[in-house]
Amino acid sequence: MGLDSFEDLVAWVLSRADEIDAGGTASDSPFYGLMDETVAEVQRDLNMRHPWIDALKDPPGAMVTTDDITTTTLTIAATGEGVTGTLSAGPAASIAGRKIRPSGKNWIARVTAHTAASTSVTLDAVPEVIAAGTACVIFQDEYDLAADLGAFVNGLWDQSRGFVRLVSLETLLRVYPDPPTAGTTAEAFARLTKRKIRLSHYPNSIRRYEYPYVAEFADPAGASTLSLPAHLRPVLAEGTLALLFQMKGDKRQGEAATRYEAGIERAIAYETRRALGVGQLSKQTY
């Protein structure tokens, strides 16, 4: 049995745990119904242990920034939350999700609602009235990335191969001005949520960025081939067996857990060889 599918792996684990009698099937075990959650729990642990090469997204993620808008003026007649603002001209595309900074002000307001070509915008919170005809800049410094984004390999690479480093949000806010200033390319970015990032400078032109990243393996199920590479499947099996022994109160849990941890160490060593080769030239430090 090659542990190629979820069903193969579950049958192996239940057999090793003495849950399947001779001639029986995996579904005979009272623990069979818990295997979905158990295997998924161990695989998620493996996801977090190392940036496995097989999880690297190919091709890498890509995004295109939006240009800022500096050709309109803004009027805001009232302060408060959910306030309506009026632009001198309606942007051709919806600007919902972007930010507006009135000229001479040290605050921004997020556009929570806007219809393409409309001059009316709904703003999240406005601290002061803005006189008719006040210049403003409409920009976007936050972007949603791939839905399966796990961890960045390094950072963003712009179309000219310039590198944008990943920093903590605290560092981004401490080092770079808030509200941000314009830039052809950003110097840094921070992760806001699983998918959303914020750039240190809002783009004043349309540019393409790539971002190499590690995707999260899908939870295993059914008879399809596991998304984990072959050398990690025995490790997944040992981790699942250890967790099953723990649920059963079986004293063999410690041995299985030790084999699981040792398997992870061997797999990480193998990953290093896969990344750098088996020779010595790639490993030299200059």
Residues Gln159 and Tyr209: side-chain donor-acceptor under 3.5 angstrom:
no

Does any donor atom in the side chain of Asn154 or Tyr213 lie under 3.5 Å from an acceptor atom in the other side chain?
no

Side chains of Ser27 and Thr25: is there a donor and an acceptor less than 3.5 Å apart?
yes

Derivation of the side-chain hydrogen bond (donor to acceptor under 3.5 Å, both in side chains) call for Tyr202 and Gln140
CA-CA 6 Å; Tyr202 66 79; Gln140 182 174 354; over 6 Å; no

Under-4.0 Å salt bridge between Asp68 and Arg101:
no

Can you hop from Leu232 to Val214 via hydrophobic side chains spaced under 4.5 Å?
no

Side chains of Thr122 and His114: closer than 4.5 Å at any heavy-atom pair?
no

Do the side chain of Thr79 and the main chain of Val126 share a donor and acceptor less than 3.5 angstrom apart?
no

Tell me, with the steps shown, if Met35 and Leu244 meet side chain to side chain contact (heavy atoms under 4.5 Å, CB included).
CA-CA 9 Å; Met35 286 296 99; Leu244 177 57; 4.2 Å; yes

Between Tyr143 and Thr66, is there a donor-acceptor pair closer than 3.5 Å when you use the side chain of the first and the backbone of the second?
yes

Cationic N near anionic O, under 4.0 Å, Glu142 to Arg98:
no

Dump the intermediate steps for salt bridge (charged side-chain N to carboxylate O under 4.0 Å, His left out) on Arg207 and Asp67, then the final yes or no.
CA-CA 8 Å; Arg207 293 186 72 82; Asp67 197 358; over 6 Å; no

Transitive ILVMFWY side-chain link Leu226 to Val235, under 4.5 Å:
yes

Is a donor on one side and an acceptor on the other found under 3.5 Å between the side chain of Thr115 and the backbone of Ser118?
no

Test your reading of the model: is there a side-chain donor-acceptor pair from Ser29 to the backbone of Ala26, 3.5 Å cut-off?
no

Do any N or O atoms from the side chain of Arg191 and from the backbone of Ile197 form a donor-acceptor pair under 3.5 angstrom?
no

Determine, stepwise, if the pair Glu255 / Asp250 fulfils side chain to side chain contact (heavy atoms under 4.5 Å, CB included).
CA-CA 10 Å; Glu255 295 177 358; Asp250 194 308; over 6 Å; no

Does the side chain to side chain contact (heavy atoms under 4.5 Å, CB included) test come out yes or no for Leu243 and Gln246, once each step is laid out?
CA-CA 5 Å; Leu243 205 54; Gln246 184 183 54; 3.3 Å; yes

Taking Glu216 as the fixed residue, which of Lys57, Arg44, Lys194 is the one that meets the salt bridge (Lys or Arg N to Asp or Glu O under 4.0 Å) rule?
Lys194

Main chain of Thr181, side chain of His201: is a donor-acceptor contact present, judged purely on distance under 3.5 Å?
no

What do the steps show when you test Arg208 against Asp158 for salt bridge (charged side-chain N to carboxylate O under 4.0 Å, His left out), and what is the final call?
CA-CA 6 Å; Arg208 182 183 188 276; Asp158 85 340; over 6 Å; no

Is the backbone N or O of Val42 less than 3.5 Å from a side-chain atom of Thr240, with the two atoms forming a donor-acceptor pair by type?
no

Backbone N/O of Ala267 and side chain of Trp52: donor-acceptor pair under 3.5 Å
no

Do Thr225 and Ser5 come close enough that some side-chain heavy atom pair is under 4.5 Å?
no

How about Leu156 and Leu199: do any of their side-chain heavy atoms sit closer than 4.5 Å?
yes

Do Ile53 and Leu228 belong together in a cluster built from hydrophobic side chains that touch within less than 4.5 Å?
no

Note, Pro234 side chain near Tyr260 side chain (heavy atom, < 4.5 Å)
no

hydrophobic_cluster_shared for Ile108 and Ile69, side chain cutoff 4.5 Å
no

Are Leu236 and Leu9 packed together at the side-chain level, in the sense that at least one heavy-atom pair is separated by less than 4.5 angstrom?
yes

Carboxylate-amine/guanidinium contact Lys99 Asp141, below 4.0 Å:
yes

Any side-chain heavy atom of Ile206 sitting closer than 4.5 Å to one from Val64?
yes

Min side-chain heavy-atom separation Phe139-Thr70 under 4.5 Å:
no

Minimal non-hydrogen separation, Gln43 against Ala218, with atom names
NE2-O, 2.7 Å

Rounded distance [0.5 Å steps], CD1 in Ile138 versus CD1 in Ile95
4.0 Å

Distance-only, no hydrogens or angles: does the Arg110 side chain make a donor-acceptor pair with backbone N or O of Thr112 under 3.5 Å?
no

Tell me, please, which residues at least two apart from Glu128 pass side-chain hydrogen bond (donor to acceptor under 3.5 Å, both in side chains).
Lys105, Trp107

Would you check if the side chain of Ser103 reaches a backbone N or O of Ala135 as a donor-acceptor pair within less than 3.5 Å?
no

Would Arg274 and Asp54 satisfy side chain to side chain contact (heavy atoms under 4.5 Å, CB included), going step by step from the backbone distance to the final call?
CA-CA 10 Å; Arg274 294 176 80 191; Asp54 295 84; 2.6 Å; yes

Trp157 vs Phe163, test: ring pair (Phe, Tyr, Trp, His ring centres under 6.0 Å). Steps then yes/no.
CA-CA 5 Å; Trp157 298 87; Phe163 179 65; 4.8 Å; yes

Please name the pair of heavy atoms, one in Ala257 and one in Ala242, separated by the smallest distance, quoted to 0.1 Å.
N-CB, 3.6 Å

Show the nearest heavy-atom pair for residues Ala40 and Pro220, with the distance to one decimal.
CA-CD, 4.5 Å

Worked check of ring pair (Phe, Tyr, Trp, His ring centres under 6.0 Å) between Phe189 and Phe152
CA-CA 12 Å; Phe189 75 103; Phe152 289 97; 5.1 Å; yes

Leu34 and Met247, any side-chain heavy atoms less than 4.5 Å apart:
yes

Salt-bridge contact Arg273-Glu271 (side-chain N to carboxylate O under 4.0 Å):
no

Salt bridge (charged side-chain N to carboxylate O under 4.0 Å, His left out), that's the test. Do Arg49 and Glu261 meet it? Break it down for me.
CA-CA 10 Å; Arg49 294 296 189 105; Glu261 296 296 335; 2.9 Å; yes

May I ask whether Leu192 and Leu172 are part of the same hydrophobic cluster, defined by side-chain heavy atoms of I, L, V, M, F, W, Y residues being less than 4.5 angstrom apart, directly or through others?
yes

